[in-house]
Amino acid sequence: MPKHSQKHLDPRQPLVVDTTKLPRQPGATRALQRVVPAPADLGLELISVPEGSDLELDLSLTSASEGVYVSGNVRGSLSGECGRCLDEISQSFDVHIGELFAYEESTTEETTDEDEVGRMQGDLLDLELAVRDAVVLMLPTNPVCRPDCPGLCPECGAHLADLPADHSHEDVDPRWAALRTLSTESPKAASPQKRHFKE
Ligand SMILES: [Zn+2]
Ligand SMILES: [Zn+2]
């Protein structure tokens, strides 16, 4: 009896692989090529793989003495938002994965933690965690539309890339400058008054 309480794998799930046809003979290998719909929440807040978009698996499964080693590439598309100019980012990705899935009852299964080495359930293995880890590790935490994106003008919010190099708000009428100060300060000034009014 397996001592861990892993969820029961469903071979119909797109990222669950059935290795029945892979001989359990160290060195035996089989290619695994399929296109599956991307699972939900694959990515980070600002950039991720759209749910249901094509995820192309180009992998090989190799029998090892303690389990099945899965290696190869996963390709797909990313969509997100530039952290500087807020433009939409859409690009493709290609990441490598390499992960051992231990056979049930193998020494590897007995001597490792579930988060170190994947687990097989009979002939089934689930690629979802390996794919998630590889994709999330590759993603930039501060995605940009291009490395030299100059961002937005802090004054007017226009795309600096579209503006002339001498774009500036320096020579603003001093009365406007005074108004701007007023409008940023007034909410702070208003709140203690409100509280006083309620009492
Ligand atoms: Zn940008
Ligand atoms: Zn501006």
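These numbers come from the heavy atoms of this one structure, side chains and all, not from hydrogens, waters or symmetry mates. One-based numbering, in listed order, for ligands and for the atoms of each. Starting from 1, each residue takes its place in the sequence as its number.
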Atom of Asp58, atom of Gln33 and distance for their closest heavy-atom approach: OD1-NE2, 3.0 Å
Short side-chain to backbone donor-acceptor contact, Arg34 and Pro14, under 3.5 Å: yes
Over 12 non-hydrogen atoms of neighbours within 6.0 angstrom of CG in Asp41: no
More than 12 heavy atoms of other groups within 6.0 Å of Asp148 CG: yes
Interatomic spacing from CD in Glu51 to CG in Leu42 - rounded to 0.5 Å: 10.0 Å
Greater than 12 external heavy atoms within 6.0 Å of Glu116's CD: yes
Closest heavy-atom pair and its distance - Met120, Val68: SD-CG2, 3.6 Å
Under 2.8 Å from the Zn ion (ligand 1) - protein N/O/S, by chain and number: Cys82 SG, Cys85 SG, Cys145 SG, Cys149 SG
Closest heavy-atom pair and its distance - Pro143, Leu46: CG-CB, 3.7 Å
Salt bridge present between Arg146 and Asp87 (N-O < 4.0 angstrom): no
Within less than 2.8 Å of the Zn ion (ligand 2): protein N, O or S atom count: 4
